[in-house]
Amino acid sequence: MGERILDREFFDRPSPEVAPDLLGRVLVHGPVAVRLTEVEAYGPPGDDPASHTYRGRTPRNSVMFGAPGHLYVYFTYGMHFCANFVCLPEGMGSGVLLRAGEVIEGADVARTRRHRPGTAAALTGPGRGIPERDLARGPARLAVALGIGREHNGLDCCASPGSPELRALEGDPVDPTAVRCGPRTGVSSAADIPWRFWIDGDPTVSPYRKHVPKTRPV
DNA sequence: CGTGCGATCCGCT
DNA sequence: GCGGATCGCACGT
């Protein structure tokens, strides 16, 4: 697998351009490595009603207005963390939500992180109950599998002096013809914009994704 | 200062 | 398929 760390220039582009290029890339945090299979782009203020930055800069979303290549981690539904890569130059406020991936290293550690004591899954014991493909399927699951939490908000994932705690690697190339795009989900506004990207047929992506035909009318 | 709701997940039906 | 869990944040008053 390509071990080169993605540089800041990679992220210094519009999020709809960065998003499909992130597919197949690998995030590494300690013993766990995840290959990205599904992502969503979110635009700058004013342009994208579904973006956290739509109404301008706030304490919550300030990281997204920072330098590209940093991690924007937010807390939602009172229990979930989700992670984004910041795109565009400092001050623009856009990013890419990491929606799903395949755990390619450290599945045992990822499964332990995902394991919730007190639930029915606990009865089957650690290391059981969660199928391999579900370990990082969904934005909050991916965050748990990678051990990403509030403390990683603002973390620089690009090559920099010293070894970043959490880094984004090149990974193996993805067949360009296997990349699909379609409407984002979970957003009530601007649902028609096809800024969700995924690897066609990958088991870690939700089974059915309506995608935009190649010859779609505009 | 009060309130409505969200880029979700999980378990049960 | 459906609803509950659960809380920080942004906005309106």
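Letters A, B, ... mirror the listed sequences (proteins, then strands); counts begin at 1. In this text, all values refer to a predicted model and were calculated from it rather than measured experimentally.
Look at CZ on A:R141: it is 18 Å from P on B:dA7, rounded to the nearest Å. Counting to the nearest Å, the P atom of C:dC11 and the CZ atom of A:R57 are 15 Å from each other. Distance A:L135 CG to B:dC10 C1': 15 Å, rounded to the nearest Å. In this structure, A:H80 atom NE2 and B:dC10 atom C1' are separated by 8 Å, rounded to whole Å. Taking atom CE of residue A:M79 and atom C1' of nucleotide C:dG8, one finds them 13 Å apart after rounding to whole Å. One atom, CD of A:E38, and another, P of B:dA7, lie 16 Å apart when rounded to the nearest Å. Regarding A:R113, its CZ atom lies at a distance of 17 Å from the P atom of B:dC9, rounded to whole Å. Here B:dT8 presents its C1' atom at 17 Å from CZ of A:R184, a figure rounded to the nearest Å.
Here A:T58 reaches the OP1 or OP2 of C:dA10: one of its side-chain N or O atoms lies under 4.0 Å away. The phosphate of C:dG8 (OP1 or OP2) has no side-chain N or O of A:R60 nearer than 4.0 angstrom. In this structure, A:H52 reaches the B:dA7 phosphate: one of its side-chain N or O atoms is under 4.0 Å from OP1 or OP2. OP1 and OP2 of B:dC9 both lie 4.0 Å or more from every side-chain N or O belonging to A:R114. For A:R55, no side-chain nitrogen or oxygen approaches OP1 or OP2 of C:dG12 to under 4.0 Å.
Nearest heavy atoms, A:E170 versus A:R25: O-CD, 3.0 Å.
In this structure, A:F75 and A:F81 have tilted ring planes: the angle between them lies in the 30° to 60° band. Between A:F85 and A:F11, the ring planes are tilted. Angles from 30° to 60° get that label.
The nucleotide whose nearest atom lies closest to any side-chain atom of A:N84 is, among B:dA7, B:dG6, C:dA10, B:dA7. Checking B:dT8, C:dA10, C:dG8 against every side-chain atom of A:F75, the shortest atom distance belongs to C:dG8. Here B:dA7 is the nucleotide among B:dC10, C:dA10, B:dA7 with the atom lying nearest to any side-chain atom of A:R99. The listed nucleotides are B:dC9, B:dA7, C:dG8; the one nearest the side chain of A:P139 is B:dC9.
A 3.5 Å limit on both hydrogen-bonding distances identifies no Watson-Crick or G-U partner for B:dA7.
Within 6.0 Å of the CD atom in A:E9, the count of heavy atoms belonging to other residues, nucleotides or ligands does not exceed 12.
Atom name P, nucleotides B:dG2 and C:dT6: the rounded distance is 23 Å, in whole Å.
Contact check on A:R137 versus A:D134 returns a salt bridge, with a Lys/Arg side-chain nitrogen under 4.0 Å from an Asp/Glu carboxylate oxygen.
Evaluation of A:Y77 against the base of B:dG6 yields a stacking contact (centre distance < 5.5 Å, interplanar angle < 30°).
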